[in-house]
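Below is one structure, written out as structure tokens, with a few remarks after it.
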Protein chains: 2
Amino acid sequence: MFSIGEFSKITGLTVKTLRFYHEQGVLKPSHVDPGTGYRYYAPELIDYARVISSLRELEFSLSDISAILNQADDDSDILEFLSSHRQEIAAQLERYNQITNSLDVIIRKEEEARSLMGKINYDIEEKQLEPILVAGIRMKGRYSECGKAFSKIGRKFGRHICDKPLMLHYDSEYREDDANFEPCMPIRRGDSVDGIDVHELRGGRCISLIHQGPYEELGRSYERVFGYLRDQNYEFEMPTREVYIKGPGMIFRGNPKKYLTEIQVVLKS
Amino acid sequence: MFSIGEFSKITGLTVKTLRFYHEQGVLKPSHVDPGTGYRYYAPELIDYARVISSLRELEFSLSDISAILNQADDDSDILEFLSSHRQEIAAQLERYNQITNSLDVIIRKEEEARSLMGKINYDIEEKQLEPILVAGIRMKGRYSECGKAFSKIGRKFGRHICDKPLMLHYDSEYREDDANFEPCMPIRRGDSVDGIDVHELRGGRCISLIHQGPYEELGRSYERVFGYLRDQNYEFEMPTREVYIKGPGMIFRGNPKKYLTEIQVVLKS
DNA sequence: TATTGACTCTCCCGTTACTGGAGGCTGTAG
DNA sequence: CTACAGCCTCCAGTAACGGGAGAGTCAATA
């Protein structure tokens, strides 16, 4: 017979835990001194305790363990317990996998944005655009409707998206209620489906300006771009493009003063 | 301003949860009526609540969330939180992966054993053995030492093991203290290392008998096998083999009366 | 024999993020 | 005036222990 302290050292279970298991009826001492209340454990219980530890390591609940110990003395008796427990664990696993994925997406996005922030200058630039394939939804109406379009594209093309969202503007002047625009996502490949049009945007020389601040203030930056185009006597093509480099975050809506949007106007070649 | 019930419907958080968040200081109502104690929430808090929900879905603790909300209003501010949280989640993931693996191993083992139990007959059989590659440790001494050898082989060749453990007996008579034997694991491939000898066991005609019961009673089954060999005038080869079909389980020590051991004696060809 | 020091006992609280329930007050509609 | 829905506070419970207080016990030593 071992005292609780000895038994604790043998089994690796703490004294507290042993007392708790006694209270819960999972592992009862062989003998309890009626006078002192001291617990004494017989050597046979060592194996019993080992079984309990094993099951706890597999994250079985104490009530499951009680049930198991009451009706089984062989691994083959508990196959159903094992399988159903495996399912629960697998569900947890799935959940944590999703969380890690989400976290990864957010982290990657923010790290990109952060590194980008460093090397941005807020002057008008001329640069060369590569052609890109996009999935877009042509819309007429209010810009505020674009959210639905983006999420629809996201659902359909989720895993093929390869860059930041952008919007094509087909109006030559600013319109509020019946604007003509196309929310797009750059994709690696895919075909038009279900109202979503997959097409290629041509590359070429373009004028680019990065706008920092809320979307309502985009007008000021457009002014600069069009002023520049006029000064240089450049002719440009429709539609113009807005690339949303940094907008509302995945968690916070973010601070609109930090939003970054690139205005791109492709020149006639 | 919304009442707690309205705000609950809007945000999807239960009334209980909202009260709890108030108590914890995570999400304080905009106004609390001093007379009635009624909580009232301003529309701006909807977004705030959404942030909290998002973070909870990512399994952040409430104290983390408080800390985050107190010092950040943009995703990029919380990169460190996200990364360190990601690590914790990844650790959990690892753990659950291990558990699933262990469970799978146990389940597979037991299902095999169970299906085997059905088609076993306990008569002496003559059958054809295929050659197999094994990793073994030649030992002299007591059989009870074999556990260490098995676990050593398991550690070194873990992922290449492809069948049940077996033991080779080189003694022509029973010996207690200085037996000459070799615990082995069948493996798919591998090389001798560090005291472990990888070699091939030849195939051929063999006499086989499945023994059910504790190892101490193996003697009775050996008697039957050798009796049969004598009756048939068969000559056999050393070493003889014992295959441990079902022994102590991964969790329970199991019931020795249910242990299954196959005795194999290869005939001279 | 008294005394140490190690061991053990019970009882209570705290952890996390809530849920459930009792008992009582408030607001509004009929 | 009376329902009834909605809101309040306070308390208890969850799972599996860990920490600590205060008191009793055991074995060996002075």
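Each chain gets a letter, A, B and so on, in the order its sequence line appears, and its residues count up from 1. In this text, all values refer to a predicted model and were calculated from it rather than measured experimentally.
The side-chain hydrogen bond (donor to acceptor under 3.5 Å, both in side chains) pairs that include a residue from residues 46-65 of chain B are A/Arg95-B/Glu59, A/Tyr96-B/Glu59, B/Ser61-B/Ser63, where partners are two or more places apart or lie in different chains.
Rounded to 10°, the angle separating the first-five-pair axis and the last-five-pair axis of the helix from C/dT1-D/dA30 to C/dG30-D/dC1 equals 40°.
Across the interface with DNA chain D, nearest-nucleotide mapping of A/Thr14 and A/Gly35 shows A/Thr14 to be the residue nearer the 5′ end.
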Between protein and nucleotides 1-7 of chain C, what N or O pairs are separated by less than 3.5 Å?
from  : atom 1 : to      : atom 2 : distance (Å)
C/dC7 : O2     : A/Tyr38 : OH     : 3.4

Please list every donor-acceptor pair under 3.5 Å in which a side-chain atom of residues 19-33 of chain B meets a protein atom from a residue at least two apart or in another chain.
from    : atom 1 : to      : atom 2 : distance (Å)
B/His22 : ND1    : B/Arg39 : NE     : 2.9
B/Ser30 : OG     : B/Ala42 : N      : 2.7
B/Asp33 : OD1    : B/Gly35 : N      : 2.7
B/Asp33 : OD1    : B/Thr36 : N      : 3.2

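Between B/Thr17 and C/dT19 there is a side-chain polar atom (N or O) within less than 4.0 angstrom of OP1 or OP2.
For the pair B/Lys16 NZ and C/dT16 C1', the computed distance is 16 Å after rounding to whole Å. Straight-line distance from the CD1 atom of B/Ile65 to the P atom of C/dT16: 13 Å, rounded to whole Å.
Between the CD atom in B/Glu145 and the CD1 atom in B/Ile137 there is a gap of 12.0 Å [rounded to 0.5 Å].
The side-chain contact (heavy atoms from CB on, under 4.5 Å) test applied to A/Val193 returns A/Phe157, not counting sequence neighbours. Partners of A/Ser8 by side-chain contact (heavy atoms from CB on, under 4.5 Å), not counting sequence neighbours, listed by chain and number: A/Val15, A/Leu18. Evaluation of the side-chain contact (heavy atoms from CB on, under 4.5 Å) rule for A/Arg108 yields A/Val105, A/Glu112 as partners, not counting sequence neighbours. In this view, A/Lys109 satisfies the salt bridge (charged side-chain N to carboxylate O under 4.0 Å, His left out) rule with no residue, not counting sequence neighbours. Judged as a side-chain contact (heavy atoms from CB on, under 4.5 Å), and not counting sequence neighbours, the contacts of B/Arg188 are B/Cys162.
If you check residues 19-30 of chain B against DNA chain C, the residues with a heavy atom closer than 4.0 Å are B/Phe20, B/Tyr21, listed by number. Heavy-atom distances under 4.0 Å link DNA chain C to B/Arg56, B/Ser61, B/Leu62 of residues 41-64 of chain B, given in residue order.
Residues A/Leu82 and B/Ile251 are in side-chain contact: their nearest non-hydrogen atoms beyond the backbone lie under 4.5 Å apart. Side chains of B/Gln71 and B/Phe81 form a contact here, defined as non-hydrogen atoms less than 4.5 Å apart.
Classified by interplanar angle (parallel below 30°, tilted 30° to 60°, perpendicular above 60°), the ring pair B/Phe150/B/Tyr244 is perpendicular. The aromatic rings of B/Phe7 and B/Tyr41 lie parallel to each other, with less than 30° between the two planes, well short of the 60° mark.
The span of DNA chain D lying next to chain A, judged by atoms under 4.0 Å from heavy atoms, is bounded 5' to 3' by D/dA16 to D/dC26.
The closest donor-acceptor contact from the side chain of B/Glu6 to the backbone of B/Ser3 lies under 3.5 Å.
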Verdict with supporting geometry, A/Leu260 and A/Leu116, side chain to side chain contact (heavy atoms under 4.5 Å, CB included):
CA-CA 10 Å; A/Leu260 295 178; A/Leu116 224 67; 5.7 Å; no

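At most 12 heavy atoms of other shown residues, nucleotides or ligands fall within 6.0 angstrom of atom NZ in B/Lys156.
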